[in-house]
2 protein chains.
Amino acid sequence: MGVNPNIAEVVSLMGESSRAAILTSLMDGRFHTATELANMAGIKPQTASFHLAKLVGGEFVTVEKHGRFRYYQLANQEIASMLESFLSVSQPPEVRSLRQSSQAKALQHARTCYDHLAGTLGVKLTESMVNFGYLEKKEQSFIMTTKGEQFFMDFGLDIRELKKKRRSFSRVCLDWSERHHHLAGALGHGLVERFFELEWIVRKPSTRAVSITEKGQTGFEKHFHVSI
Amino acid sequence: MGVNPNIAEVVSLMGESSRAAILTSLMDGRFHTATELANMAGIKPQTASFHLAKLVGGEFVTVEKHGRFRYYQLANQEIASMLESFLSVSQPPEVRSLRQSSQAKALQHARTCYDHLAGTLGVKLTESMVNFGYLEKKEQSFIMTTKGEQFFMDFGLDIRELKKKRRSFSRVCLDWSERHHHLAGALGHGLVERFFELEWIVRKPSTRAVSITEKGQTGFEKHFHVSI
DNA sequence: TCCATATTTCGATTATAGTTGAACTGTCTA
DNA sequence: TAGACAGTTCAACTATAATCGAAATATGGA
């Protein structure tokens, strides 16, 4: 009847295919221009502009103007988390071309979710860290053990610095379907940064998929007993 | 492009005002018939039937047939949690009548979220239990202390029985805006059941708001130092 | 058996919202 | 200063999907 807050208004912002395409494109956590997003979503720039205005209005997305470009970005980690939740309960779309198929596989394989690792790699690494006793899963979050603290320090993470940050230190990236959990939060972000630094993974252009390098193959095997 | 899973299809199920109204009506965790839901959503029964079919198809809702009635219910706690998340980021609708206004206040005041307490009461109680040292907030969940164990036993909860259940024992009901957290999970459910049993709270007909009784006033004050 | 009630199915209508071409604003660069 | 490019605004069009009356189906009770 309308004594309840209207969920619909907020939700319908992501419940439309073009906007959803834009949002998922932004899931790599990077800035994108309006035209870029239009191309990624397969729509004309006017249409993208129309949708982006709505997304900004709903505080899903922020803009920064630099010269004649406007750089769009997800508003915050919460939005990213929410989107990832839905991605995990969504069905992958039917495959239309070989190229799309291999892209989809790459995404499933290893991808960034806003600022941490998701996909098979993200899940396997998280599992491994739990098995080694570096992390302990406690209901909806991970707790770092003393053993873990030592390990992450040795691995080159400045734990003290990460803990200082206002954001939650280590949390699971939830998905409602409970098909998998993976490490997010400051620790998750710190790790993925370190992987880039070590060149164990590299970004694939214009998607949020990442490639595992030769170095990475041996690195993940040696330090995490994870083989891909 | 469509190499990303289509978030839109799933999400758009809740991103429509009539369906959202139905879903929020189901947030009390109880069964409702199709006609009931139609009335609550302010639509004709045919329309409700149409939407309910979609919701069942999307596994947001389950049906049970008893005679000529069909009882609809939210599919599971995850869906409820997801909905509550969105409610907390949604704006309350403009008030059209005094009656709506007082209903909205009642909802904000004390309500059930699927099977546990939300609203001001839910939040205050949770805070109180943390302050007394019965619960400790650990990232995304609560941990029961020894002191807490004693308290809940004394309060008449069968902790051992609750822990046996397959569902998560104590978790926060997340909202993405982080405006508040409250206790959910088996413990949250156990508590609210006990409150009904003690007649500290009673359901208001046809909403998910609950009223605090005289008994409740003194009870919450005495045992939780929460005054309403 | 007949009627009342709960719900769904069907078909037609309507309204909403996404889409796009065309035109416009603003910025960079040659 | 002109021209190219990024992005937005406007207005018209279109398509999708919600809505509802009418009719059909199913169940319960008298």
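Lettering follows sequence order; numbering is per chain, from 1. Every heavy atom of this structure was used, including side-chain atoms; hydrogens, water molecules and symmetry mates were not.
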Task: Validation row: A:His182, A:His116 side chains within 4.5 angstrom (heavy atoms) - done: yes
Task: Pairs touching residues 55-78 of chain B that satisfy ring pair (Phe, Tyr, Trp, His ring centres under 6.0 Å), sequence neighbours left out - done: B:His66-B:Tyr71
Task: SB check B:Arg111 B:Glu84 (cutoff 4.0 Å) - done: yes
Under 3.5 Å between N/O atoms: give me all the protein pairs with nucleotides 21-24 of chain C, atom names plus distance.
unit_1: C:dG21; atom_1: N7; unit_2: A:Gln46; atom_2: NE2; d: 2.4

Would you list the protein and nucleotides 2-5 of chain C atom pairs, both N or O, that sit under 3.5 Å from each other?
unit_1: C:dT5; atom_1: O4'; unit_2: B:Arg68; atom_2: NH1; d: 3.3
unit_1: C:dT5; atom_1: O2; unit_2: B:Arg68; atom_2: NH1; d: 3.1

Tabulate atom names and distances for all N/O pairs under 3.5 angstrom spanning the protein and nucleotides 13-18 of chain C.
unit_1: C:dG18; atom_1: OP1; unit_2: A:Arg19; atom_2: NH1; d: 3.3
unit_1: C:dG18; atom_1: OP1; unit_2: A:Arg19; atom_2: NH2; d: 3.0
unit_1: C:dG18; atom_1: OP2; unit_2: A:Lys54; atom_2: NZ; d: 3.3

Task: For the student: nearest non-hydrogen atoms of B:Gly58 and B:Leu13, plus distance - done: CA-CD1, 3.7 Å
Open item on the list: Before you tell me yes or no, could you show the steps for A:Glu161 and A:Lys164 under salt bridge (charged side-chain N to carboxylate O under 4.0 Å, His left out), namely the whole-Å CA-CA distance, both residues' side-chain angles and the distance that decides it to 0.1 Å?
Closed with: CA-CA 5 Å; A:Glu161 198 54 44; A:Lys164 264 192 216 158; 3.5 Å; yes
Task: Sugar-phosphate, base or nothing in reach of B:Tyr72, heavy atoms under 4.0 Å - done: sugar-phosphate
TODO: Would you list the pairs meeting salt bridge (Lys or Arg N to Asp or Glu O under 4.0 Å) in which at least one residue belongs to residues 189-198 of chain A, sequence neighbours left out?
DONE: A:Arg194-A:Glu197
Task: Nucleotide nearest B:Lys65 when distance is taken to its side chain, options C:dT19, C:dT7, D:dT27 - done: D:dT27
Open item on the list: Rounded to whole Å, please give me the gap between OH in A:Tyr71 and C1' in C:dT27.
Closed with: 13 Å
TODO: Would you give the length of the straight line joining atom CD1 of A:Ile22 to atom CG of A:Leu52, rounded to the nearest 0.5 angstrom?
DONE: 4.5 Å
Task: Flag, side chain of B:Thr24 to backbone of B:Ala20, donor-acceptor distance under 3.5 Å - done: yes
Open item on the list: Can you list everything that forms a side-chain contact (heavy atoms from CB on, under 4.5 Å) with A:Ala53? Sequence neighbours excluded, please.
Closed with: none
- [ ] Give the rounded distance in Å between these two atoms: CZ of A:Arg70 and C1' of C:dT27.
- [x] 11 Å
- [ ] Taking the six-membered ring for Trp and the single ring otherwise, decide whether the centroids of B:Phe195 and B:Phe220 are under 6.0 Å apart.
- [x] yes
